[in-house]
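What follows is one structure encoded as structure tokens, with my remarks underneath.
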Amino acid sequence: MLDLKFLRENREVVIKGAEAKGIDINLDPIIEADDRRKALIQEGDNLKSRRNQVSAQVGKLKKEGKDASSVIAEMESVKTRIQEIDSEMREVEKNLTALLLTIPNIPHTSVPIGKTPADNKEIFRWGEIIKPDFPMKPHWDLTDKFEIVDFSRGSKVTGAGFPFYVGKGALLERALINFFLDHAGQRGYKEIAPPIIVNEDSARGTGQIPDKEDLMYVVERDQFYMIPTAEVSVTNFHRDENLNESDLPVKYAAYTPCFRREAGSYGKDVRGLNRLHQFDKVELVKFVHPLKSYDELELLREDAERVLQLLGLPYHTLLMCTGDMGFTQAKKYDLEVWAPGQQKWLEVSSCSNFESFQARRMNIKFRPDNGGKPEFVHTLNGSGLALPRVVAALIEHYQTPEGKIIIPKVLQQYTKFEVIG
RNA sequence: GGAGAGCUGGCUGAGUGGUCGAAAGCGGCGGUCUUGAAAACCGUUAUAGCCUCCGGGCUAUCGGGGGUUCGAAUCCCUCGCUCUCCGCCA
């Protein structure tokens, strides 16, 4: 969420930002609620001050053995009024927070204005899109042929979108996880293995609730949420904490399964590994100094891109336009890998700077080295990478005319085999 | 799952209804001393909100949330967490 003071003093900026994202907002109810809140605070604090004075007086009188009943009687109405104010305050603040949570983060000035994915800017392209002299198959043909991903048994055991990885498919999955984690480790990310179920506070912290509740599987009985990305657990790792400025940037890499209900997205992209309800992902998360967050975003993007380069998979990098970037981000890049068997780009990573939007919600600050007041950190995260689509692109890209799949060199030390088929 | 004990400032740890935002110690910061350092001594050391004639004033915060009371770290309820014992278990 945005800072209330900032919002009050920069109403135009906030409105324009939301507009660019295609979100309609109305700041008036927020200002009104905040005005009411301030009025209540003032009245309440004055009465409480009075109450504290009188209470001290009562204490003194009692100590001296004198009668205090007249003073106590006088406090009756004050007490009642304080209770009224406190109870209204609860309502007003609850309402104010709810309203504030409907205001999206403001896009960075470098973000192109736009409405649809067509307005995203391709800023980088890597690798050559191969034009083979044989018909390339989509990955689901190959995973079926080699029985390395079992979709139908997944449907039987759980449901659509919960495949089994079998034999070399499972080994390939594990190899990629290890490769991604090792690479992140070399780039200075500390590895952590987080919980994959979180409580309500954590889900709220990263913004999954209230607005994206439908995205998640909910463990209703215990009021827990299955994480849709490791971002949720890992960013909440430091919730309600003060970091030291000298420790910044704090960088983590985490492998987790991710769970997404994908409600409403049926019909498109459902073949094979393109869209699943459960998938593996290595996530990169950073807590950084506010002045360095945009430099850190570029580094994060490069860290995500590098593994695609090492795997030899052609990809391109998109700078997301204002209309396609989401509620909480200030700037976001998407990496899309080329899947030749399907002749299309598949999103495998999304690298975002949230500035202080999440940190404010989660109360994550850093204490400046010079001893100044704690300030909110900036948070960033990016996939490094999401597995199923990488597997899809890899299988399609490295298929041979004979219908085999070659494992790229860099992965062979992890898979311990060189070819499937 | 059952029984019990706890949760206090960066840390250790006092405090069971009346100036307690909270003793003391440790740590941190500043200073004196010293060629420098250590030791010793002195001082300082939370966060947030509201108001401000920008000097400051007020309020809240002792795991979270409610309540009792003129007044709550202290009493009651509730939730969470930690520890001990029992049961169960990868």
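Each chain gets a letter, A, B and so on, in the order its sequence line appears, and its residues count up from 1.
- Here the separation of B:rC88 from B:rU69, taken at their C1' atoms, is 46 Å to the nearest Å.
- Atom C1' of nucleotide B:rG49 and atom CG of A:Asp34 are separated by 11 Å, given to the nearest angstrom.
- Partners of A:Arg260 under the side-chain hydrogen bond (donor to acceptor under 3.5 Å, both in side chains) rule, at least two apart in sequence or in another chain, do not exist in this structure.
- Rounded to whole angstrom, the span from the CG atom of A:Asn363 across to the P atom of B:rG49 amounts to 11 Å.
- For the segment residues 42-49 of chain A, the set of residues with a heavy atom within less than 4.0 Å of an atom of RNA chain B comprises A:Gln42, A:Asp45, A:Lys48, A:Ser49, in numerical order.
- Nearest approach of A:Val307 to A:Ala304, heavy atoms of both residues: CG2-O, 3.1 Å.
- Looking at residues two or more places apart in sequence or on another chain, you find a salt bridge (charged side-chain N to carboxylate O under 4.0 Å, His left out) between A:Asp35 and A:Arg8.
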Could you pull out the protein-nucleic contacts involving nucleotides 6-12 of chain B (nitrogen or oxygen on both sides, under 3.5 Å)?
none

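- Taking only side-chain nitrogens and oxygens, A:Arg50 never comes nearer than 4.0 Å to OP1 or OP2 of B:rU59.
- A gap of 14 Å separates the P atoms of B:rG6 and B:rU16, to the nearest Å.
- Nucleic acid contact class of A:Gln83 (heavy atoms, under 4.0 Å, all strands): sugar-phosphate only.
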Which dot-bracket notation, 5' to 3', represents the base pairing of RNA chain B when pairs are defined as Watson-Crick or G-U with both distances under 3.5 Å, crossing pairs as [ ], and inter-strand pairs as |? ((((((((.[[[..)..(.....]]]((((((.......))))))((((((....)))))).[[[[[..)....]]]]])))))))....
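- Every residue meeting the salt bridge (charged side-chain N to carboxylate O under 4.0 Å, His left out) condition with A:Lys281, not counting sequence neighbours, appears here in chain and number order: A:Glu283.
- Between the P atoms of B:rC20 and B:rC79, the separation comes to 34 Å (whole Å).
- Using C1' as the reference atom, B:rU82 and B:rU8 are 15 Å apart when rounded to the nearest Å.
- When rounded to the nearest whole Å, the span between CG of A:Asp86 and P of B:rC50 equals 16 Å.
- Residues that satisfy the salt bridge (charged side-chain N to carboxylate O under 4.0 Å, His left out) test with A:Asp28, not counting sequence neighbours, are A:Arg11.
- Proximity of a side-chain donor or acceptor of A:Arg239 to a complementary backbone N or O of A:Met362 within less than 3.5 Å is not detected.
- Scored by the salt bridge (charged side-chain N to carboxylate O under 4.0 Å, His left out) test, A:Arg301 finds A:Glu298, A:Glu305 as partners (sequence neighbours excluded).
- In this structure, CG of A:Leu40 is placed 13 Å from P of B:rC51, rounded to the nearest angstrom.
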Could you go through residues 39-48 of chain A and list every donor-acceptor pair under 3.5 Å that involves a side-chain atom there, pairing it with any protein atom two or more places apart or in another chain?
residue: A:Glu43; atom: OE1; partner: A:Arg81; partner atom: NH2; Å: 3.0
residue: A:Glu43; atom: OE2; partner: A:Arg81; partner atom: NE; Å: 2.8
residue: A:Glu43; atom: OE2; partner: A:Arg81; partner atom: NH2; Å: 3.4
residue: A:Asn46; atom: ND2; partner: A:Gln42; partner atom: O; Å: 3.2
residue: A:Lys48; atom: NZ; partner: A:Asp86; partner atom: OD1; Å: 3.3

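- Remark: A:Lys251 is positioned above the aromatic ring of A:Tyr189, its terminal NZ or CZ atom under 6.0 angstrom from the ring centre and at most 45 degrees off the axis.
- By the side-chain hydrogen bond (donor to acceptor under 3.5 Å, both in side chains) test, A:Lys66 is found to be paired with A:Glu64, residues two or more places apart in sequence or in another chain being considered.
- Only the P atoms considered, B:rU68 is 49 Å distant from B:rA90, to the nearest whole Å.
- If you take atom P in B:rA37 and the same atom in B:rC29, they sit 14 Å apart, rounded to whole Å.
- The NZ-P distance, from A:Lys94 to B:rG65, rounds to 15 Å in whole Å.
- More than 12 heavy atoms of other residues, nucleotides or ligands lie within 6.0 Å of CG in A:Asp247, so this atom counts as buried by the packing criterion.
- Qualifying side-chain hydrogen bond (donor to acceptor under 3.5 Å, both in side chains) partners for A:Ser49, counting only residues two or more places apart in sequence or in other chains: none.
- Distance A:Glu84 CD to B:rG67 P: 13 Å, rounded to the nearest Å.
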Between A:Met226 and A:Val219, is the side chain to side chain contact (heavy atoms under 4.5 Å, CB included) condition met? List the steps. CA-CA 7 Å; A:Met226 314 272 290; A:Val219 185; 4.1 Å; yes
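- Atom pair A:Met89:CE and B:rC50:C1' shows a separation of 10 Å (rounding to whole Å applied).
- Put simply, CD on A:Gln53 is 13 Å from C1' on B:rU59, counting in whole angstrom units.
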Nucleic acid footprint by protein, nucleotides 70-81 of chain B - heavy-atom cut-off 4.0 Å, B for base, S for sugar-phosphate alone: BS----------
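- Scanning both residues, A:Tyr165 and A:Leu276, for their nearest heavy atoms gives OH-CD1, 3.7 Å.
- On the C1' atoms, B:rU44 is 15 Å away from B:rG9, given to the nearest whole Å.
- Of the possible polar contacts, none joining the A:Asn199 side chain to the A:Phe224 backbone as a donor-acceptor pair under 3.5 Å is found.
- For B:rG71, the base is anti relative to its sugar; the glycosidic angle deviates from 0 by more than 90°.
- One C1' atom belongs to B:rA23, the other to B:rA73, and the distance between them is 14 Å to the nearest Å.
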